[in-house]
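None of the values given here were measured: they were computed from a predicted structure. The figures that follow rest on heavy atoms only: side chains count, while hydrogens, waters and symmetry mates do not. To find a chain, count down the sequence lines: A is the first, B the second, and so on, and within it residues start at 1.
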Number of protein chains: 2
Amino acid sequence: MAHKSANYRYLVLGLLAQQPMSGYDIKNLLSNLSWLVSSPSFGSLYPTLHALQRDGLVTMTVVLRENKPPRKVYRITTAGNEALRAWIDQPVAAETSIRTFLMYLITAGACTPTALLTHLQQRRSQVAMRHSALERAASAQDATTGTGQHLIIDYALALAAAELAWLDQALQRLSMTTLPAYEQV
Amino acid sequence: MAHKSANYRYLVLGLLAQQPMSGYDIKNLLSNLSWLVSSPSFGSLYPTLHALQRDGLVTMTVVLRENKPPRKVYRITTAGNEALRAWIDQPVAAETSIRTFLMYLITAGACTPTALLTHLQQRRSQVAMRHSALERAASAQDATTGTGQHLIIDYALALAAAELAWLDQALQRLSMTTLPAYEQV
DNA sequence: CGTATCATGTAACTAGTTACATGATTCA
DNA sequence: TGAATCATGTAACTAGTTACATGATACG
């Protein structure tokens with residue numbers, strides 16, 4: 001089943017796959033991205049970390065520091081990496097939101113370049129479809145179309161176009177580093 | 001307090017402010033935008049409509065049709081419009097997500113052109129700040145920066161740039177229709 | 001005759017927020 | 001002394017999903 005559920009569990013696990021962090025660190029990091037992915041409150045972040053630890057996907061060590069409160073640093077385990085990989089390897093759903101795609105990008109460091117390439121290619125074809133669907137919707141507009149409807153289509157079209165351009169650029173760079181054989185011909 | 005909560009209540013109310021619809025209609029409409037705003041399941045959509053009706057913000061009429069199951073068409077009440085207006089008129093929070101902004105655009109048809117103009121201007125200044133913050137983050141990257149981190153910053157930067165361009169264009173068009181006085185000088 | 005679309009709904013569960021509580025340190 | 005940042009946590013609540021149930025009509 002293609003993943004739709006975008007819970008914080010895997011987002012947190014993906015961040016810990018890149019480097020060990022405390023709950024407070026994670027919160028700060030995600031706050032900077034709050035306009036793209038809504039960031040969790042402490043009230044859900046700490047319990048999430050406890051659950052990951054309980055399930056053996058992360059371990060915790062208390063780090064004592066002078067003149068500052070102690071921090072609980074979490075790091076991913078082998079089982080955690082496996083669980084993350086299994087989640088990542090699921091196929092991309094057609095309705096994948098920006099939010100879910102961003103979660104994927106965050107965890108991208110934890111997967112192989114080939115897997116990343118495949119994922120971005122799948123994403124590209126989906127965004128392209130949405131883009132053309134929006135273009136059709138835009139040209140189908142008439143006098144009865146409300147201001148809201150018009151603005152949304154226009155806005156969505158602009159974002160889709162920008163993402164397409166970004167994906168093309170990213171794919172080009174990635175294919176160069178992943179498959180350098182082509183350059184040597 | 002600037003709004004952060006992006007619950008479906010006001011999204012649904014905003015859609016009904018534009019035209020009367022059934023729950024099924026709303027679901028279809030939002031499914032087309034599922035990659036931007038995650039669309040509600042029926043399990044939350046129908047209870048939301050019941051709650052809105054209970055609170056007197058919408059009314060419901062059963063429409064019988066031949067050869068098709070009856071539909072329950074909801075339409076916004078005066079109290080509903082007032083509640084929506086009150087929600088819309090809240091100041092734009094600094095961390096407003098794409099999701100919340102989109103909800104605003106959807107309900108934009110229900111507010112005055114001046115209010116829309118002000119809102120878009122506020123949004124523009126915020127996106128501009130995020131954009132420059134991201135540019136700083138991008139130039140601060142070094143060899144230790146993970147692939148995930150790099151991709152996210154790059155992606156976010158592309159989206160922010162696209163939104164800025166869109167906002168400038170939208171603001172220009174809007175100021176022409178809202179304040180035609182300038183053209184007559 | 002089975003499957004797809006239209007159309008509504010409820011119940012059990014999960015995930016998340018809000019609001020609170022703690023306690024140290026630093027800065028004005 | 002009072003506020004701000006660092007750092008963790010819990011309890012009560014709200015919002016949401018998943019999975020089910022219903023029943024008609026249309027299509028092949």
Side-chain angles (χ1 to χ4, degrees), chain A residues 1-13 20-32 34 37-55 58 60-74 87 93 95-97 99-100 103, chain B residues 1-13 20-32 34 37-55 58 60-74 87 93 95-97 99-100 103:
Chain A
M1 195 181 302
H3 48 81
K4 185 217 166 95
S5 66
N7 44 2
Y8 290 127
R9 190 181 170 86
Y10 290 99
L11 181 57
V12 167
L13 199 56
M21 295 168 114
S22 69
Y24 198 81
D25 289 335
I26 293 172
K27 173 75 180 169
N28 279 341
L29 201 152
L30 289 178
S31 293
N32 294 329
S34 63
V37 236
S38 63
S39 82
S41 60
F42 282 122
S44 83
L45 182 53
Y46 287 125
T48 299
L49 286 167
H50 300 335
L52 286 172
Q53 188 184 4
R54 183 201 59 206
D55 297 344
V58 301
M60 186 268 283
T61 35
V62 177
V63 178
L64 297 165
R65 286 126 70 246
E66 279 180 39
N67 302 337
K68 278 187 181 171
R71 344 170 64 239
K72 295 192 172 178
V73 175
Y74 293 87
W87 182 79
E95 357 69 51
T96 301
S97 62
R99 186 198 168 164
T100 309
M103 282 179 59
Chain B
M1 195 180 299
H3 49 80
K4 184 217 166 93
S5 65
N7 44 2
Y8 290 126
R9 192 181 169 87
Y10 289 99
L11 181 56
V12 168
L13 200 55
M21 296 168 113
S22 69
Y24 198 81
D25 289 335
I26 292 172
K27 173 74 181 170
N28 278 341
L29 200 151
L30 288 177
S31 293
N32 294 329
S34 64
V37 237
S38 63
S39 80
S41 60
F42 283 124
S44 81
L45 183 53
Y46 287 125
T48 300
L49 286 168
H50 299 335
L52 286 172
Q53 188 184 5
R54 183 201 60 207
D55 297 344
V58 300
M60 186 267 286
T61 35
V62 178
V63 178
L64 296 165
R65 287 125 70 245
E66 278 180 41
N67 302 335
K68 278 189 179 169
R71 342 170 65 240
K72 294 193 172 178
V73 174
Y74 293 87
W87 182 79
E95 356 70 51
T96 301
S97 63
R99 186 198 169 164
T100 311
M103 281 179 60

To the nearest Å, how far apart are B:L45 CG and D:dT18 C1'?
15 Å
What is the distance, rounded to the nearest whole Å, between atom CZ of B:R65 and atom C1' of C:dT5?
12 Å
Take atom CD of A:E66 and atom P of D:dA7, then tell me their distance rounded to the nearest Å.
15 Å
Is there a side-chain polar atom (N or O) of B:S44 under 4.0 Å from OP1 or OP2 of D:dG16?
no
Less than 4.5 Å apart, side chain to side chain, heavy atoms only: is that true for A:S38 and A:Y8?
yes
Whole-Å gap separating C1' (C:dT8) and NZ (B:K27)
14 Å
Angle by which the axis turns from one end of the helix from C:dC1-D:dG28 to C:dA28-D:dT1 to the other, five pairs per end, to 10 degrees
30°
B:F42 CZ to C:dA11 C1', in whole Å, measures 18 Å
Regarding B:S22, tell me which of base, sugar-phosphate or nothing describes its non-hydrogen contacts under 4.0 Å with the strands shown.
sugar-phosphate
CG of A:N7 versus P of C:dT17: gap in Å, rounded?
12 Å
In whole angstrom, give the distance that lies between atom CG of B:L49 and atom P of C:dG9.
8 Å
For DNA chain C, whose closest nucleotide is more 5', that of A:P69 or that of A:R9?
A:R9
What is the distance, to the nearest angstrom, from the OH atom on B:Y46 to the P atom on C:dT10?
11 Å
